[in-house]
Q: 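The structure's right below; bear with me while I get my questions together.
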Amino acid sequence: SIITDALMGQCDEYNSTDSASGDDVRTFVDSLLMLKGVDSAWATENADTIKLMRLLPLPDGADAGYLSRTSDVARIESRLKRTREHIHIMGEVPDMESIVGDTGSASGIALKLKFMPMMERASSMINYIKSGLRDRIDLINLIHGKLRRPLIKDYKVTIQFSLPVNRIEEWQNIKGLEGERQQLMTLWP
């Protein structure tokens, strides 16, 4: 696709959001231990032992708990998902993750629909690539002519692209069309 400022901005947004969520986890992954009814000097002196042993002996009437801050994971995931969609839409590139989903496979029709914008972009780019290849061959022929080497003649530049095909799906669909073929044969013998 054509890399525009808007597309680069979306990539920057994705990276920034992902980085900020990582920073958030690193900053707030530890909670603070809150102690009530415990001598602060004793807690300070025994902090390393308490942490190492994972044991906190409390006197009668004392209490302990964690004071923690959580990260809004759903909000971050939603933002990353939307930004990812924008990147694929602006880049006119299909998102393979959304095509195959959890199953890891997709129907041929779904693939063709998802790849359609990229195929159209590729079709328009093919003419530029062919022209560039012809110019390079002309340059090679010019050099070969000066060096009295054989020239490249009668060549044809062919560029093709194809989508992956699920042959099993095609075979299953062909079986399903058998009745349709019989019906058409009765209409047009």
Side-chain angles (χ1 to χ4, degrees), residues 1-36 47 50-52 54 56 63-136 157-180:
S1 69
I2 296 171
I3 299 175
T4 62
D5 287 339
L7 178 58
M8 292 304 297
Q10 287 298 310
C11 291
D12 290 343
E13 174 70 20
Y14 187 92
N15 292 335
S16 176
T17 302
D18 192 36
S19 177
S21 68
D23 292 344
D24 196 39
V25 168
R26 280 186 289 279
T27 302
F28 301 111
V29 73
D30 287 333
S31 298
L32 296 174
L33 179 60
M34 182 176 57
L35 299 172
K36 291 181 184 177
I50 293 168
K51 188 173 181 182
L52 179 68
R54 301 267 188 230
L56 180 62
D63 189 21
Y66 283 105
L67 183 62
S68 61
R69 179 177 166 190
T70 59
S71 224
D72 187 359
V73 176
R75 184 179 59 84
I76 293 168
E77 286 175 349
S78 173
R79 180 60 181 249
L80 288 173
K81 182 180 180 222
R82 283 193 321 270
T83 306
R84 182 182 170 103
E85 288 171 359
H86 294 161
I87 290 169
H88 284 95
I89 289 168
M90 288 177 170
E92 297 180 14
V93 178
D95 182 1
M96 290 306 294
E97 189 177 292
S98 70
I99 294 172
V100 298
D102 295 333
T103 64
S105 65
S107 73
I109 294 170
L111 284 174
K112 285 180 183 175
L113 289 173
K114 287 283 187 173
F115 277 102
M116 191 62 68
M118 193 169 77
M119 289 169 51
E120 289 172 1
R121 172 76 68 184
S123 294
S124 66
M125 298 289 283
I126 284 175
N127 292 330
Y128 296 115
I129 295 169
K130 284 181 179 181
S131 175
L133 285 173
R134 287 188 189 104
D135 290 344
R136 283 181 174 80
V157 177
T158 305
I159 300 173
Q160 296 176 336
F161 59 90
S162 61
L163 290 174
V165 177
N166 184 342
R167 296 291 181 207
I168 294 172
E169 181 187 17
E170 285 183 353
W171 295 334
Q172 290 169 343
N173 287 334
I174 288 171
K175 287 180 188 176
L177 293 174
E178 184 60 31
E180 300 295 325

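On a predicted model such as this, the values are computed, not experimentally measured, just so you know.
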Q: State the CD-CG distance between Glu13 and Asp18, to the nearest 0.5 angstrom.
A: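 Separation between the atoms: 11.5 Å.
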
Q: With rounding to the nearest 0.5 angstrom, report the CZ to SG distance, Arg84 to Cys11.
A: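 Going from the CZ atom of Arg84 to the SG atom of Cys11 covers 11.0 Å.
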
Q: Is the number of heavy atoms from other residues, nucleotides or ligands under 6.0 Å of Met125 CE greater than 12?
A: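 Atom CE in Met125 is not packed in, count stays at 12 or less.
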
Q: So, using salt bridge (Lys or Arg N to Asp or Glu O under 4.0 Å) as the criterion, who are the partners of Glu85 when residues are at least two apart?
A: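 Only Lys81 meet the salt bridge (Lys or Arg N to Asp or Glu O under 4.0 Å) criterion with Glu85.
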
Q: Minimum heavy-atom separation for Ile159 and Lys130, please, with both atom names.
A: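 Nearest heavy atoms, Ile159 then Lys130: CD1-CG, 3.9 Å.
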
Q: Could you tell me whether a side-chain N or O of Ser19 sits under 3.5 Å from a main-chain N or O of Asn15, the two making a donor and an acceptor?
A: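 Not confirmed, Ser19 side chain does not pair with Asn15 backbone.
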
Q: Can you tell me how far the OG1 atom of Thr83 sits from the CG atom of Asp12, to the nearest 0.5 Å?
A: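 Thr83 OG1 to Asp12 CG: 11.0 Å, rounded to 0.5 Å.
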
Q: To the closest 0.5 Å, what do you measure between CD1 (Ile87) and CE (Met8)?
A: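 Rounded to the nearest 0.5 Å, the CD1-CE separation comes to 9.5 Å.
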
Q: Tell me whether Ser78 contacts the main-chain N or O of Ala74 through its side chain, where contact means a donor paired with an acceptor under 3.5 Å.
A: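 Side chain of Ser78 to backbone of Ala74, a donor-acceptor pair under 3.5 Å: no, none is there.
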
Q: On a heavy-atom basis, which atom in Ala64 and which in Leu35 lie closest, and how many Å separate them?
A: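 The pair with the smallest heavy-atom distance is CB-CD2, 3.6 Å.
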
Q: If you count the non-hydrogen atoms of other residues, nucleotides and ligands that lie under 6.0 Å from CG in Asp135, is the total more than 12?
A: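 Above 12, so yes.
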
